Amino acid sequence: MSSFPSLFISHGSPDIAIAETEATRFLRTLAADLPRPRAIVVASAHFEAENKVLVSGDERPETIYDFGGFDRRLYEMRYAAPGDPALASRIVKALTDDGFVAEAATGRGFDHGTWVPLILAYPDADIPVVQVSVDPTHGPAHHLALGAALEPLRDEDILIIGSGSFTHNLREAFARMQQSERQAETPAWVADFADWMSERVVAGDREALTDYRARAPFAVENHPTDEHLMPLYVAIGAGGADATARKLHGSRDFGVLSMEAFAFA
């Protein structure tokens, strides 16, 4: 049995890399509770591909600043972890064997869904990292299957992370960011959604979670588009068919960004 769980983490605003928030403090301690992985595979909400799965295949990925208007210090940060082209090729083959259209992608650096949480959890950047894309045209069932195809990697001391956001209404978040309201009160529509989702994640209720768009309270308000929730399903799938979920963290940033994290094993 693998000693590695799969993880879902909420990466939140890029500036958690330099801020002092509850989520920042959690991510800084995350690695201490895990064995050291041989490699890390990240399904990032900011790596999208339609009707196929892309797997980053560069040996030395660059750091991507796929955001604007933040503290200049963020644009000076580098996450210099190596890639792993051989692992990327193996993932492409495994996904293809499972019926996915998959291919390696070159020239694809680490987006902030990958490097921001990793620069906190693994600041030495000495563990190879491979990114896997999510598909904005496909929903939870597709991403559960994607995670299931990655599950065997856990037996090879590879840490699988889905990096997204438990809630992701950017219009509401930016309004609070502009007013520097990091400690803003959490609206009921955020709390109700996060509570519903958390309860069903921990209960392992995949049927309800797969139909979250229709069943969860305020689903559309919290996810006007749902690509930031899809890494959760990758992590659930990678945990295995009989996985149990453990909530690792829950906090709010700017009142409307739920920063939940879970482990599946």
Side-chain angles (χ1 to χ4, degrees), residues 4-11 40-56 88 91-105 108 111 113-114 117 129-154 158-168 193-194 196-198 200-216 219-220 222-245 247-248 258 260-265:
F4 281 86
S6 57
L7 304 179
F8 170 74
I9 56 178
S10 297
H11 59 251
I40 301 171
V41 174
V42 181
S44 169
H46 291 278
F47 188 13
E48 297 183 14
E50 295 187 2
N51 300 312
K52 60 184 175 183
V53 183
L54 296 180
V55 183
S56 64
I91 292 172
V92 168
K93 183 180 186 305
L95 292 174
T96 302
D97 290 347
D98 266 23
F100 291 90
V101 177
E103 60 188 65
R108 172 69 198 189
D111 59 64
T114 295
V129 178
V130 172
Q131 295 180 127
V132 175
S133 67
V134 298
D135 189 338
T137 67
H138 287 68
H142 168 88
H143 291 90
L144 282 170
L146 174 58
L150 299 174
E151 179 194 356
L153 297 176
R154 294 174 45 232
I158 294 173
L159 177 61
I160 300 170
I161 299 176
S163 176
S165 189
F166 211 53
T167 61
H168 193 251
F193 175 83
W196 188 94
M197 288 291 295
S198 289
R200 279 145 188 85
V201 169
V202 172
D205 190 349
R206 294 193 181 191
E207 179 181 354
L209 289 168
T210 301
D211 195 29
Y212 92 96
R213 206 98 179 137
R215 299 193 193 187
V220 175
N222 283 281
H223 288 279
T225 58
D226 66 1
E227 78 289 334
H228 266 72
L229 198 58
M230 293 306 101
L232 169 66
Y233 296 94
V234 176
I236 293 172
D242 299 320
T244 58
K247 188 169 184 177
L248 303 178
S258 290
E260 272 73 357
F262 297 89
F264 303 93

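Being a predicted model, the structure only gives us computed values, none of them experimental.
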Here the gap from L7 atom CG to L248 atom CG, rounded to the nearest 0.5 Å, amounts to 6.5 Å
Can you label the angle between the H168 ring and the H223 ring as parallel, tilted or perpendicular, going by 30° and 60°? parallel
Once you round to the nearest 0.5 Å, how far does CG of D111 lie from OG of S133? 10.5 Å
Between L146 and F100, does the side-chain contact (heavy atoms from CB on, under 4.5 Å) criterion hold? Intermediate values first, please. CA-CA 8 Å; L146 174 58; F100 291 90; 4.1 Å; yes
Give me the atom names and distance for the closest heavy-atom approach of F264 to A235. CD1-O, 3.8 Å
Shortest non-hydrogen separation from S258 to T167 and the atoms involved: N-OG1, 2.7 Å
Looking at R154 and A238, would you say the former's side chain and the latter's main chain have a donor-acceptor pair under 3.5 Å? yes
Neighbour count above 12 (heavy atom, 6.0 Å) for K93 NZ: no
So, taking the atom named CG in L95 and the one named CD in E103, what distance separates them when rounded to the nearest 0.5 Å? 11.5 Å
Look only at the side chain of D205 and the backbone of A208, and say whether a donor-acceptor pair between them is shorter than 3.5 Å. yes
To the nearest 0.5 angstrom, please state how far the CZ atom of F4 sits from the CD1 atom of I161. 10.5 Å
Sequence neighbours excluded, which residues qualify as side-chain contact (heavy atoms from CB on, under 4.5 Å) partners of S10? F8, F166, M259
Given V201 and K247, is the side-chain contact (heavy atoms from CB on, under 4.5 Å) satisfied, shown in steps? CA-CA 9 Å; V201 169; K247 188 169 184 177; over 6 Å; no
Under 3.5 Å, side chain of R215 to main-chain N/O of L209, donor-acceptor pair present? no
Would a 4.5 Å heavy-atom cut-off, applied to side chains only, mark R213 and D226 as touching? yes
I'd like to check the side-chain hydrogen bond (donor to acceptor under 3.5 Å, both in side chains) partners of E227; sequence neighbours left out, ordered by chain and number. T225
Taking atom CG of N51 as the centre, does the number of heavy atoms from other residues, nucleotides or ligands within less than 6.0 Å exceed 12? yes
So, R200 and E207, do they make that salt bridge, N to O below 4.0 Å? no
A side-chain contact here means heavy atoms from C-beta on lying under 4.5 Å apart; do R206 and I236 qualify? yes
For V134 and H228, what are the C-alpha separation, side-chain angles and deciding distance, and is it a side-chain contact (heavy atoms from CB on, under 4.5 Å)? CA-CA 9 Å; V134 298; H228 266 72; over 6 Å; no
Between S163 (side chain) and G113 (backbone), is there a donor-acceptor pair under 3.5 Å? yes
Closest contact, heavy atoms only, A149 versus D98: CB-OD2, 3.3 Å
Sub-4.5 Å side-chain heavy-atom contact between V53 and V101: no
Nearest 0.5 angstrom please: I91 CD1 to L153 CG, how far? 5.5 Å
Working to the nearest 0.5 Å, report the span between CE of M230 and OG of S44. 13.5 Å
Evaluate the ring planes of H11 and H46, with Trp represented by its six-membered ring, and classify them as parallel (under 30°), tilted (30 to 60°) or perpendicular (over 60°). tilted
Backbone N or O of A265 within a donor-acceptor pair of the T244 side chain at under 3.5 Å? yes
Go through the structure and list residues passing salt bridge (Lys or Arg N to Asp or Glu O under 4.0 Å) with E48, not counting sequence neighbours. none
Below 4.5 Å, heavy atoms only, C-beta onward: do L144 and T210 meet side chain to side chain? yes
Taking all non-hydrogen atoms of both residues, which atom of P231 and which atom of A45 are closest, and how far apart? CG-N, 3.8 Å
Is there a side-chain contact between V42 and V130, using heavy atoms and a 4.5 Å cut-off? no
With side chains defined as the heavy atoms from C-beta onward, is the minimum distance between H143 and D135 less than 4.5 Å? yes
